[in-house]
Amino acid sequence: MSSTSQLALIARRSVSRTFRQPVLVVPVIAFPLILLAVNAAGLSSVTELPGFPTKSYINFAIVVCFVQGALFAAISAGTELASDIQTGFTDRLALTPAKRWVVLAGATAGGASIAVFGSVIYLVVGLIFGVEIDTGVVGALVLLALAIYTAIAFAGIGAWLAVATGSPQAVQGMFPLLFVLLFLSTMSLPLDFIQKEWFATIVEWNPLTYLIDGMRGLVIGGWDASTLLPAIAVATGIMVITFTGASRSLRKRVQRT
Amino acid sequence: MARDNGIEVEGIVRLFGGGIRAVDGVDLSVAPGEIYGFLGPNGAGKSTMVLMLVTLLPPTEGRATVAGFDVAKQGPQVRTVIGAALQEAALDSFLTGNEHMDLQGGLHGLSRNERRTRGAELLERVGLSDAAGRKVGGYSGGMKRRLDLALALLHRPSVLFLDEPTTGLDPQSRSALWAEVERLSREDGVTVFLTTQYLEEADVLADRVGIIDHGKLVAEGTPTELKAGIGQVSLEATPVNPNDRERLAATLARFGEPAAASPKSVAVRLAAGAAQLADVVRALDADSIEVADLQLHQPSLDDVFLQQTGRSLEGEEVDKEPAS
Amino acid sequence: MISSTLSVSLAVLRRVMIQTIKNPAIIIPSLAFPLVFLVAFAGGLSIVADVPGFSFKGGYTAFQFVFVFTQTAAFGGIFTGYRIAEDYESGFARRLLIAAPHSAGILLGFVLAGLARFFLTGLILWGIALVAGMNVLGSPLEILAMWLLAANVSIASTLWVAGLAFRFQSVDIGSFMQMPVFILLFLAPVYVPLALLTGWLKLAATYNPVTAILAANRGFISGEESKALLAFGLAVGLAALMALWAVRQFHRAHRSVA
């Protein structure tokens, strides 16, 4: 049997079990949208600052939902994989002819799939509430694709944490840290609107900034390779580093001969 | 079976961090179609042994082959011929029985049709047909073990590894599982390597038993051989009238050495075995000693363990069972 | 009766405090979250003070500090109330009830514990904000009033979660405990004063008691005029309402002992 069909089987299982747990799905939909609603209304007056790139704050803030969705993907994928390791389900799969990387990638599919589901909903809700995408329909599709690509990359973070710790609690314990990263980015304001230098420095070093800016460029301002390419590069970098780290740790965790 | 589906283990060792020798130089050999019981207390090294044999843990030293394949060098080949139900039936509580069968069957390369028919057949055999469409989260412990067994059999393995398959099961589920394992060995010629901490399980089910303690094999043989090695049957009698205890002891002393007994009773090891029982009864009758209770005690595997290690295997077990 | 109630509440207080001190992991989240918000809001959003129509004498750090301080008060209460639910899961609650059959004493004990915890985290937060150069223009009396007002928020949130814990007796409702408090806090003028809010949020914030509490505390810290009496009235009223709710749930859960 080919690795592709094995991957499909393991991914299908991961997706089914994820969507059978409302506790994993509901927050992914609810939290980003609540935060969007509160911030769009609470910070709407900042669009009056001279030089603010858009007149509607929701246009500015919508992309934060996609990154939040990806963060949830990371945690769900990690928690699910860690609990598979803890219960021995990974061992069960390791006894079949499935390759190690297939087991790993398949297990993260559920987490990534919630982000896909969430991203579509954020986009639809955003459009209903007046989000205007400057790059049009094609831009919306690219935005969605970038969001999904980011979610898969972030699922790698969860997978690495899961394989390295083997504990769902440890993975969940990382969630606040990822959340903090979000707040220390261009989530609420563009970089040149951040006055405090130390804060701007943190924001510049934060990879999430580039993901947000890349997606935001599609909504506000139009096609711009200088924001889009760094976003793709950051997501690719995260993906390569985390999945490599995860599969190395998996070799230690599952010492199959 | 077309090919030799036995297990050969030579001097296998597994070290863990901190210099712990979980398995410390075990040699054993399991004949094709045999049920081998690997008996030992918690932490004796049973699970480590199974993990090595199913290729999930490389041995530190030594060599082992399963159905002729080296567990360290021919992992993929070993995995195609073995089925394993490891400790803590690792099932997904959000998936149904059918979905488990489908997933595992697919990974083993069964076609969609094969998965369906083979899955239904196995679920039927372990009595889970009615529950096949329900999520495993709602299964009882016994149902989970049976599903785990069915999953292990999906790709028609010729060697089956069961790591503590009945721990935590009620007596009915336990004997149902025993019957199925017995059938697999007798009818299908499947070799079964089973670990257990239950004496009764090893005694009833296994053709041969290996007793492991602190990573070392301390005794091996058929249950009968092992028990015979311990020696004779003992007889314990309780007089109706407590004052007769002295006289009873004198009468019984004619049949063998005294043995430990409860305070109201007298016990002796029968020098010529259980066949002497009739003589003992006649002697008691002749001496007009009325007895309230008369019991024969067979030597148990626990006695074997006690003799080899100085400890009782079931010393702290809550669900202590008669081992005869 | 009064002395036994007091001794029960002191025993509860002592127990919660010992647990807290022995296990720093309990206190870290209730400190880390407000700190992150303080850094992200006061540090990252300072330009918001330049929005046309934004007038606040104390500067944006002080403006945001008030929100974070109030949030700390609310979350100190939540984390303390959470311990009650844990006590039910571990069976400790039953032991406590047998030893101390006065609902008032137990509730008071948890409220005191919530306050103690708020006092501790609040002090640390003040220290950090002052080191970071926050402007405090209010008088010592006004700062005291700020603490008192926030203390009422802490009491109200402890009682809210206590009521939930009595009702459900399980920690599974953790997010159920936090969400309403979180929403109430954020449906208020968090980033800008009420006057600069628009649309639905302005409507929600106008009727949210937290708005008045934030406005009063922002007045205190900057020494500006504010409707302090209204805020105190609302805060005490909220705490009283939550006390009623908690006592009701307690009696519902323990008809036989209470």
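Naming: A, B, ... by sequence-line order, numbering from 1 per chain.
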Legend entry - From OG (A:S44) to CG (C:L196), nearest 0.5 Å: 8.5 Å
Inset, instruction - Kindly indicate whether the side chain of C:F186, heavy atoms from C-beta on, has any atom under 4.5 Å from the side chain of A:I34. - result: no
Legend entry - Inter-chain contacts: residues 192-205 of chain A against chain C, heavy atoms under 4.5 Å: A:F193, A:I194, A:Q195, A:K196, A:W198, A:F199
Legend entry - Which portion of C:A49 sits near chain A, non-hydrogen atoms under 4.5 angstrom: neither
Legend entry - Closest-packed option against chain A by number of heavy-atom pairs under 4.5 Å, given C:I47, C:V51, C:D50: C:I47
Legend entry - Interchain contact, C:F41 with chain A, by part (heavy-atom threshold 4.5 Å): side chain
Inset, instruction - Check each atom of A:A40 against the heavy atoms of chain C and say whether the ones under 4.5 Å are side chain, backbone, both or neither. - result: neither
Legend entry - Heavy-atom pair with the smallest gap, counting every atom of C:L45 and A:S188: CD2-CB, 3.5 Å
Inset, instruction - Could you have a look at C:P189, C:P52, C:G199 and say which one has the most heavy-atom pairs with chain A under 4.5 angstrom? - result: C:P52
Legend entry - Close side-chain approach of C:M179 to A:F31, heavy-atom, < 4.5 Å: yes
Inset, instruction - Locate the shortest heavy-atom distance separating C:G44 from A:L189; write the atom from each residue and the value. - result: O-CD1, 3.4 Å
Inset, instruction - For A:Q21, look at atom CD and say whether over 12 heavy atoms of other residues, nucleotides or ligands are found less than 6.0 Å away. - result: yes
Inset, instruction - Find the distance between CZ (C:F37) and CZ (A:F183) and round it off to the nearest 0.5 Å. - result: 4.5 Å
Inset, instruction - Flag the pair C:T198 / A:S45 as yes when at least one side-chain heavy-atom distance between them is below 4.5 Å, and no otherwise. - result: no
